[in-house]
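Note that the structure is a prediction, hence the values are computed from the model and not measured. The first residue of the sequence shown is numbered 1, and numbering continues consecutively from there.
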Amino acid sequence: QVQLVESGGGLVQAGGSLRLSCAASGRTFSSYAVGWFRQAPGKEREFVAAANWSGGSTLYADSVKGRFTISRDNAKNTVYLQMNSLEPEDTAAYYCAARRDGSILSMSTLYHYWGQGTQVTVSS
């Protein structure tokens with residue numbers, strides 16, 4: 001069993017930056033792929049970024065490519081999402097997820113564990 005706890009959300013002006021963290025429990029977390037998803041009010045949850053078990057392979061949604069960076073520190077059981085050049089359209093609750101298979105995928109239904117989310121609000 002893996003538990004995920006996100007932190008680092010908040011209110012930021014457009015053009016600003018935030019770094020989200022996702023702390024994980026569980027000895028096998030380092031073998032899991034991880035992902036970040038987001039959900040804005042009235043919208044479906046959407047894929048943001050994912051990394052394989054080592055962090056050596058990553059995948060990004062087109063809407064965040066070049067602005068967001070996913071990384072992980074397996075020694076600390078922590079995943080990060082560095083978000084730069086934030087836009088009001090990035091406003092959403094951001095969720096960390098993990099899947100037991102180490103390969104990276106963008107479909108939320110293929111992730112086994114989820115955090116409770118952290119709110120990111122970008123003002124114009």
Contacts of Trp114 that satisfy ring-ring contact (aromatic ring centres under 6.0 Å, His included) - sequence neighbours left out: Phe37
Disulfide bond (SG atoms under 2.5 Å apart) pairs, two or more places apart, involving residues 35-89: none
Salt bridge (Lys or Arg N to Asp or Glu O under 4.0 Å) partners for Arg99, two or more places apart: Asp101
Nearest non-hydrogen partners of Pro88 and Ser124, listed with the distance: CG-CB, 3.8 Å
Pairs where residues 23-55 contributes a residue and the test disulfide bond (SG atoms under 2.5 Å apart) is met, not counting sequence neighbours: none
Ser85 side-chain N/O to Arg67 backbone N/O, donor-acceptor pair under 3.5 Å: no
Spacing of OG belonging to Ser31 relative to CH2 belonging to Trp53, to within rounding of 0.5 Å: 9.0 Å
Main-chain N/O of Ala61 paired to Ser63 side chain as donor or acceptor, under 3.5 Å: no
Trace of the side-chain contact (heavy atoms from CB on, under 4.5 Å) decision for Phe47 with Leu59: CA-CA 10 Å; Phe47 170 75; Leu59 181 68; 3.9 Å; yes
Partners meeting side chain to side chain donor-acceptor pair (under 3.5 Å) with Glu87 (sequence neighbours left out): none
Minimum heavy-atom distance Gly55-Ala51, with the two atoms named: CA-CB, 4.2 Å
Residue pairs fulfilling disulfide bond (SG atoms under 2.5 Å apart) with at least one residue in residues 40-124, sequence neighbours excluded: Cys22-Cys96
Any residue meeting salt bridge (Lys or Arg N to Asp or Glu O under 4.0 Å) with Glu46, in chain and number order, not counting sequence neighbours: Arg38
Separation between OG1 of Thr28 and CD of Gln1, rounded to the nearest 0.5 Å: 10.0 Å
Listed partners of Lys43 passing side chain to side chain donor-acceptor pair (under 3.5 Å), at least two apart: none
Which residues share a side-chain contact (heavy atoms from CB on, under 4.5 Å) with Ser57, sequence neighbours left out: Asn52, Ile104
Shared-cluster residues of Leu4, by chain and number - hydrophobic side chains joined below 4.5 Å: Val2, Val12, Leu18, Leu20, Phe29, Tyr32, Val34, Trp36, Val48, Tyr60, Val64, Phe68, Ile70, Val79, Leu81, Met83, Leu86, Tyr94, Tyr113, Val120, Val122
Pairs where residues 10-24 contributes a residue and the test side-chain hydrogen bond (donor to acceptor under 3.5 Å, both in side chains) is met, not counting sequence neighbours: Ser17-Asn84
Short side-chain to backbone donor-acceptor contact, Glu6 and Gly117, under 3.5 Å: yes
Side-chain donor or acceptor of Thr121 paired with backbone N/O of Leu11 under 3.5 Å: no
With sequence neighbours excluded, residues passing salt bridge (Lys or Arg N to Asp or Glu O under 4.0 Å) with Arg72: none
